[in-house]
Amino acid sequence: MISIWCSKSLVLFFSVLGLIGVSLGYTSVDDYFIDCGSSKNSSVGNRVFVADQFYSNILSTPQNVLANTTDSNSLSSLYGSVLSQTARIFTETSHYTFPIKKSGRHWIRLYFFPFNYGFYNLSTAKFSVTAQNFTLFKDYDSNVGSGVREYSVNVISDRLVIIFTPSANSFAFINALEVLALPDGLIPGSARSIDPQGKNITMWKQALETVERVNMGNQTVPPQNDSLWRLWVSDYPYLKHNNLGHPLSNIEAVNVTKDGISEYIAPAIVYGTATVLNSASDASFNANATWLFDVDPGFEYLVRFHFCDILTDQRTKFYFNVYLGSSIVYQNLDLRNVTTGTFGTPYFFDITTRVSDVRTLTVSVGPSVIDATDRSAILNGLEIMKISNSKDSLDVSDSVSPKGSKIKVLLVVGLAVGLTLVILFTIVLLVICRRQRKKANLGLFPNTISGVGTLKLSDGKYANDNGMLSTSKFGYRFAFVDIQDATDNFSECLVLGVGGFGKVYKGVLRDGTTVAVKRGNSSFSQGVAEFRTEIEMLSQFRHRHLVSLIGYCDERGEMIIIYEYMEKGTLKEHLYGSNQPSLSWRQRLDICIGAAKGLHYLHTGSAKAIIHRDVKSANILLDENLMAKVADFGLSKTGPEIDQTHVSTAVKGSFGYLDPEYLIRQQLTEKSDVYSFGVVMFEVLCGRAVIDPSLPREKVNLVEWATKFERRGQLEEVIDPLLEEQVKEESLKKFRDIAEKCLAERGVDRPAMGDVLWNLEYALQLQGNEQRLRSVNRGNNFESSGSVSASDGQLSIGSMTDLTGVSMSEVFAQMVREDMR
């Protein structure tokens, strides 16, 4: 969560913004210019990019990974090579939250100039970026994504959130970032469509991506020559036939005062240069000047044409046609007629078109048949912007191309013929579903649009779709409108966290119950599978150290899971990277014990083990009493059969926590969770990130670094300084020993989770003597000198000498029974 800004930060922040505002030709209410990964401000032309350390209250990231290079990137020369020499790397989901003063269109410019930094090759990064609820792109590809990407979103709230989500086993990066409120009217709320009816396409809600911004006349206009810092590239690489057009420059002829066109639409140099059709006065000439642009099929595009008659002021008019693809978008265009009639007056118009099955958008200008004596045609500038689709996405993987005409005919015929069958089938299906709902012995069965299913409640009833009934606190299928109500329509102010699956919101049900609402991101390719897995897993188990499922929603294609609210957040937030209070050693031991109990139950509480597969400190949540509960079961997997040793499956999990044996052999066992838990134990002990590339090379990997000191007998060198003088030596030794065993290279050499739990309980007892220590013998005959108590899920353990020969399975079987009550 974004913390409250301190007064000193505010003074520095707004003084820097004031400097930026003065330096620009255009003064914006909202303008942020960030040099990511830099430790100092950078001047680029007349703008100042602020080092992102000054934006610590805007950026939320688990780690500060700052990369730099001395090489200059040729792609960045137009923007300032200094921006390409630093970068911020994200190993986990991170986000910038920008306060917004003025609602309306804002530009987002993302700078990507990959370079090598240590073992990070930025050109191999794979990640996605979203802004508000829009997917800007998925799976960054350096071959097509390097340079500056520009987007426009209409911000109607008081904040703009940009999220970077690394793909599995990868990372994200960004060199520089801009957010700028646009002048009113620069982006239209709607534009005429190319279709024959000429209907308007409304786009004020949509996000836009700048695909091309071209200056005709074979001249590039650098950002420094544009008041809004836009790059206008030369048109000649796009010309289909260079011999059909020639460049013209007559900038002094441009008269921007006559028709009231703002310089923000396009700079004078764009209107003062043009590509002119080589037609002269040849009446038989009938060719067009044509430009070809690469686009993604399946999207609507906004195309803006810029014109200015700079040919000669001796004639009163000339006519030409403008084409988009094979369609005429403006026939017999007379620039003098559509402007004030003055020579050199700029003019532009917008048109929208849908690109269906091709990957090329063709733009042409050609002679009109009206005037056979003058076959001229001119184009000064062109902008092409992709419009987000119905999935709120700009990524090509989410494009929806319409079928060909033949397929359409077949679909219409098929629908007409099969309409009766569909109705009958629907009726039959409804009858079957109604009967199935009455069967109390059924749990989860598919009958919803996402295929996830309807959950049976703990009392044998099924959830209804009409309201939020939360009295049983388990298994309800909620209506989407009620979840909207509970989260204030998914207000950004209620965001608890952001992960690869989506955002988690704080919500309040109608009966006053506070809950956590995880809303799946449609851009997450594995979302449906993880959504189903998590519901199936949580609907099977109830345990005090597993986060409880309250309900879910799969209406309207949504993937929403509702959990009990964990007031104290994640274990990770209390260890590092946030303003959460630090934990004492005893609290850390209690939390480890709670998490171990949850994992032990997963491994042993049913006929087949459940392997969590994503054990990490971010997935251990804490309630108001700091009791630990394991969460996020989207990657969980059922364990091997009795006669098998492992499950063969693709590697999934979180970087830094993955079992090396599982990573190499793709053989998953319960011991993979044990390894991940061992990493968590070192996190707890050292109070730092598992992977931190900002540190010297020997300290980057927590496990390697801590293990090295442990083998030297110098473990105290790596302990969290906040624990100084808190940890008793014997407690530390026991904790260290079991953590080291968890991290054994081979799974067979690691302890079971029950043994881990036993040793953690013992480490807690060694830390303090609040409870009287007693012993237990093999036959469960308790002597006055000791006992083992499993009441309330707590275990009191005597000295190790008293425990010789004790059956661990007997003790933990009792603990499991107690925990399930």
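Below, each value reflects all heavy atoms present in this structure, side chains not excepted, and no hydrogens, waters or symmetry copies.
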Salt bridge (charged side-chain N to carboxylate O under 4.0 Å, His left out) pairs touching residues 221-246, sequence neighbours excluded, are D226-R230
By side-chain contact (heavy atoms from CB on, under 4.5 Å), S142 pairs with (sequence neighbours left out) P114, S123, Y140, S146
Residue set satisfying ring pair (Phe, Tyr, Trp, His ring centres under 6.0 Å) with Y151, at least two apart, ordered chain then number -> none
Those residues at least two apart in sequence (or on a different chain) that pass side chain to side chain donor-acceptor pair (under 3.5 Å) with E383 are R213, H306
Sorted by chain and number, sequence neighbours left out, side chain to side chain donor-acceptor pair (under 3.5 Å) with Y330 holds for none
Contacts of T360 meeting side-chain contact (heavy atoms from CB on, under 4.5 Å) (sequence neighbours excluded), chain-then-number -> L292, D294, T362
Contacts satisfying salt bridge (charged side-chain N to carboxylate O under 4.0 Å, His left out) that involve residues 298-307 (not counting sequence neighbours) are R304-D350
Sorted by chain and residue number, the side-chain contact (heavy atoms from CB on, under 4.5 Å) partners of V358 (sequence neighbours excluded) come out as V355
Ring pair (Phe, Tyr, Trp, His ring centres under 6.0 Å) filter on Y301, not counting sequence neighbours, yields none
Practice task
For the residue pair F349 and Y347, categorise the inter-ring angle as parallel (less than 30°), tilted (30 to 60°) or perpendicular (more than 60°).
Solution key: tilted
Here the salt bridge (charged side-chain N to carboxylate O under 4.0 Å, His left out) pairs for residues 172-181, sequence neighbours left out, are R47-E178, R109-E178
Residues at least two apart in sequence or cross-chain that pass side chain to side chain donor-acceptor pair (under 3.5 Å) with N154, listed by chain then number, are none
Sorted by chain and residue number, the side-chain contact (heavy atoms from CB on, under 4.5 Å) partners of S388 (sequence neighbours excluded) come out as F134, Q206, A207, L394
